[in-house]
There are 2 protein chains.
Amino acid sequence: MSAINERRERERARRHQLIVTAARELAEVEGWEAVTTRRLAERVEYSQPVLYSHFKGKDAIVGAVALDGFSELAPRLRRAREAAAPEPGDALRAVCLAYLEFATERPALYQAMFVLPTDLKFASDETPPPLRAAFDEFVNCFSPDDDRRELFAEVTWSALHGMAVLSGSGRIPPGSQDDRLDFLVSQIAGTPAD
Amino acid sequence: MSAINERRERERARRHQLIVTAARELAEVEGWEAVTTRRLAERVEYSQPVLYSHFKGKDAIVGAVALDGFSELAPRLRRAREAAAPEPGDALRAVCLAYLEFATERPALYQAMFVLPTDLKFASDETPPPLRAAFDEFVNCFSPDDDRRELFAEVTWSALHGMAVLSGSGRIPPGSQDDRLDFLVSQIAGTPAD
DNA sequence: ACGACATTCTAGCGGCGCTAGACATCCTGC
DNA sequence: GCAGGATGTCTAGCGCCGCTAGAATGTCGT
């Protein structure tokens with residue numbers, strides 16, 4: 001009774017991850033507009049309704065992929081920050097660079113995390129830990145004494161997101177991203193805001 | 001022959017604008033996901049295929065609405081900039097504030113301009129004038145002597161766009177937008193980059 | 001008045017997210 | 001060992017989407 005249900009639970013969790021991975025791969029190869037419930041079902045070799053026994057709807061699948069993405073982004077930012085010298089400017093620069101690299105390397109994943117509508121809760125008590133962890137990497141680039149460091153992190157993140165998404169859609173020239181990054185970091189870290 | 005065709009042309013242009021306006025209003029009231037070709041056709045009291053005699057597809061309709069948006073945004077930024085004192089910092093602040101106000105006042109229009117996929121050409125030779133004009137308002141906030149002012153404008157715009165879109169989707173708390181704006185402007189205008 | 005042309009509509013294609021209800025499979029208690 | 005009920009899966013289909021072919025309607029120059 002118990003052992004059987006455990007096995008079932010394992011199989012279920014396995015299939016859950018199978019769906020998420022398939023969705024992510026499909027999105028990364030062909031873009032999110034190609035991720036339909038039919039194609040996804042065919043790819044995991046189950047019929048459509050099983051998707052709905054795991055997820056409330058398509059948005060929830062996108063949300064699960066996004067969560068996967070945060071679990072990848074957070075340690076990546078962390079490693080970048082720790083590898084940098086302890087000068088505050090260097091850490092900030094390293095984290096920002098790692099962020100932009102992530103955005104250009106995994107555009108579909110990035111979209112799921114920051115552009116597409118999902119049911120993920122941001123900036124609240126029920127914010128999933130990986131999500132919080134990624135944001136905290138930005139916060140930790142600023143002095144713990146400064147009680148405005150969350151604000152600084154929000155602005156930094158906003159600027160990076162804007163750069164990522166506007167250059168990704170061709171609204172600003174994708175070439176000069178490095179120059180923009182240099183300027184941004186120098187301005188944010190440059191003057192220790194009044 | 002000529003007069004008749006002129007009348008036809010006029011009627012056609014009139015109906016073109018009717019479609020664009022209807023799409024915009026529908027989007028502003030119910031969001032873009034409610035803007036379907038069927039509902040739009042019903043609203044302008046024509047059948048679906050006439051939409052396709054004016055626009056190549058739905059993306060082109062969104063693009064036309066976006067262009068409308070730029071024609072509104074550009075003079076708004078311009079007025080804000082000219083109303084501000086000539087000190088560079090003040091102008092930048094005024095333009096940024098006007099931009100964010102536009103984004104929160106007209107979220108659907110803003111989405112069409114900057115988020116949804118359209119067939120508008122940015123940052124190229126065939127960029128429509130209103131689009132270029134809006135961007136130039138940011139450029140003109142910086143000294144004409146500095147040959148990096150385009151770069152500054154791109155970063156400023158990116159940051160604002162990030163703030164607008166992340167707070168609009170609840171990914172950063174929508175409340176502290178003013179504080180973020182203060183910080184951003186002080187950092188960008190504060191130190192005259194290296 | 002009428003043939004030629006342009007315009008607009010009806011009807012429908014294939015695909016979407018999602019779900020009801022039939023069907024198979026497996027565990028449990030006798 | 002087996003009936004019966006719970007569990008899981010599938011087939012089929014609903015209402016909607018963007019888009020288009022071809023019929024029907026109207027309009028114009030001669």
Side-chain angles (χ1 to χ4, degrees), chain A residues 1-20 22-24 26-27 29-66 108 111-112 116-119, chain B residues 1-20 22-24 26-27 30-66 108 111-112 116-120:
Chain A
M1 146 98 168
S2 177
I4 282 170
N5 280 5
E6 270 174 34
R7 173 184 54 80
R8 283 192 182 169
E9 199 100 351
R10 272 199 311 275
E11 287 173 355
R12 206 181 152 71
R14 203 179 140 72
R15 199 170 53 177
H16 180 104
Q17 196 53 44
L18 178 68
I19 294 170
V20 173
R24 173 178 165 165
L26 195 49
V29 172
E30 304 190 42
W32 278 107
E33 73 282 354
V35 182
T36 71
T37 54
R38 275 170 240 269
R39 288 198 60 183
L40 191 51
E42 188 191 13
R43 209 169 150 123
V44 297
E45 297 179 306
Y46 284 94
S47 68
Q48 265 179 296
V50 312
L51 302 180
Y52 293 88
S53 76
H54 284 269
F55 300 94
K56 224 184 76 187
K58 196 188 168 183
D59 285 2
I61 297 178
V62 178
V65 173
Q111 267 200 5
L116 299 181
T118 69
D119 42 11
Chain B
M1 149 94 167
S2 178
I4 282 170
N5 280 6
E6 270 176 34
R7 173 182 55 79
R8 281 191 182 167
E9 199 102 349
R10 274 200 311 275
E11 285 173 356
R12 204 179 154 72
R14 203 179 142 70
R15 198 169 57 176
H16 179 104
Q17 195 53 44
L18 178 67
I19 294 170
V20 174
R24 174 179 165 166
L26 195 50
E30 304 190 42
W32 278 107
E33 71 279 356
V35 181
T36 71
T37 55
R38 275 170 240 269
R39 290 198 58 184
L40 192 50
E42 189 190 12
R43 213 173 146 119
V44 297
E45 298 179 303
Y46 284 94
S47 67
Q48 264 179 299
V50 313
L51 302 181
Y52 292 90
S53 77
H54 283 270
F55 300 95
K56 224 185 76 187
K58 196 189 168 182
D59 285 2
I61 297 178
V62 178
V65 173
Q111 267 201 5
L116 299 182
T118 69
D119 41 11
L120 284 183

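A, B, ... follow the sequence lines: proteins, then strands. Residue 1 opens every chain. Just so we're clear, the structure is a prediction, and the values are computed from it rather than from any experiment. Values below: every heavy atom of this structure, side chains too, minus hydrogens, waters and symmetry copies.
Protein atom CD of A/Glu11 is 12 Å distant from nucleotide atom C1' of C/dC26, rounded to whole Å. Nucleotide D/dT7 holds its C1' atom 13 Å from the NE2 atom of A/His54, rounded to whole Å. The CD atom of B/Glu33 sits 16 Å away from the C1' atom of D/dG18 (whole-angstrom rounding). A/Leu51 has its CG atom 12 Å from the P atom of D/dT9, to the nearest Å. C/dT10 atom C1' lies 16 Å from atom CD of B/Glu42, rounded to whole Å. With rounding to whole Å, A/Leu40 atom CG is found 9 Å from C/dG17 atom P. Nucleotide C/dT7 holds its P atom 12 Å from the OH atom of B/Tyr46, rounded to whole Å. One interatomic measurement links the two molecules: CZ of B/Arg39 to P of D/dG15, which rounds to 18 Å at whole-angstrom precision.
The distance from the CZ atom of B/Arg15 to the CG atom of B/Leu51 is 9.0 Å, given to the nearest 0.5 Å. Distance CZ/A/Arg24 to CD/A/Gln17: 9.5 Å, rounded to 0.5 Å. Rounding to the nearest 0.5 angstrom, the gap separating the CD atom in A/Glu42 from the CD atom in A/Gln48 is 10.5 Å.
In the set D/dC17, C/dC16, D/dT9, C/dC16 carries the atom at the smallest distance from any side-chain atom of A/Arg38.
Between B/Tyr46 and B/Ile19 the shortest side-chain heavy-atom distance does not fall below 4.5 Å. Between A/Arg14 and A/Leu18 there is no side-chain heavy-atom pair separated by less than 4.5 Å.
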- [ ] Take nucleotides 19-24 of chain C nucleotide by nucleotide from the 5' end and write B, S or -, depending on whether a protein heavy atom sits under 4.0 Å from the base, only from the sugar-phosphate, or from neither.
- [x] BB----

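When all heavy atoms are compared, the tightest approach of B/Ala66 to B/Ala112 is CB-O, 3.5 Å. In this structure, B/Tyr52 and B/Gly57 approach most closely via the heavy-atom pair CE2-CA, 4.0 Å.
The side chain of A/Thr36 contributes an N or O atom lying less than 4.0 Å from OP1 or OP2 of C/dC16. In terms of phosphate contacts, B/Thr37 brings no side-chain nitrogen or oxygen within less than 4.0 Å of OP1 or OP2 of D/dC19. The side chain of B/Arg15 contributes an N or O atom lying less than 4.0 Å from OP1 or OP2 of C/dT8.
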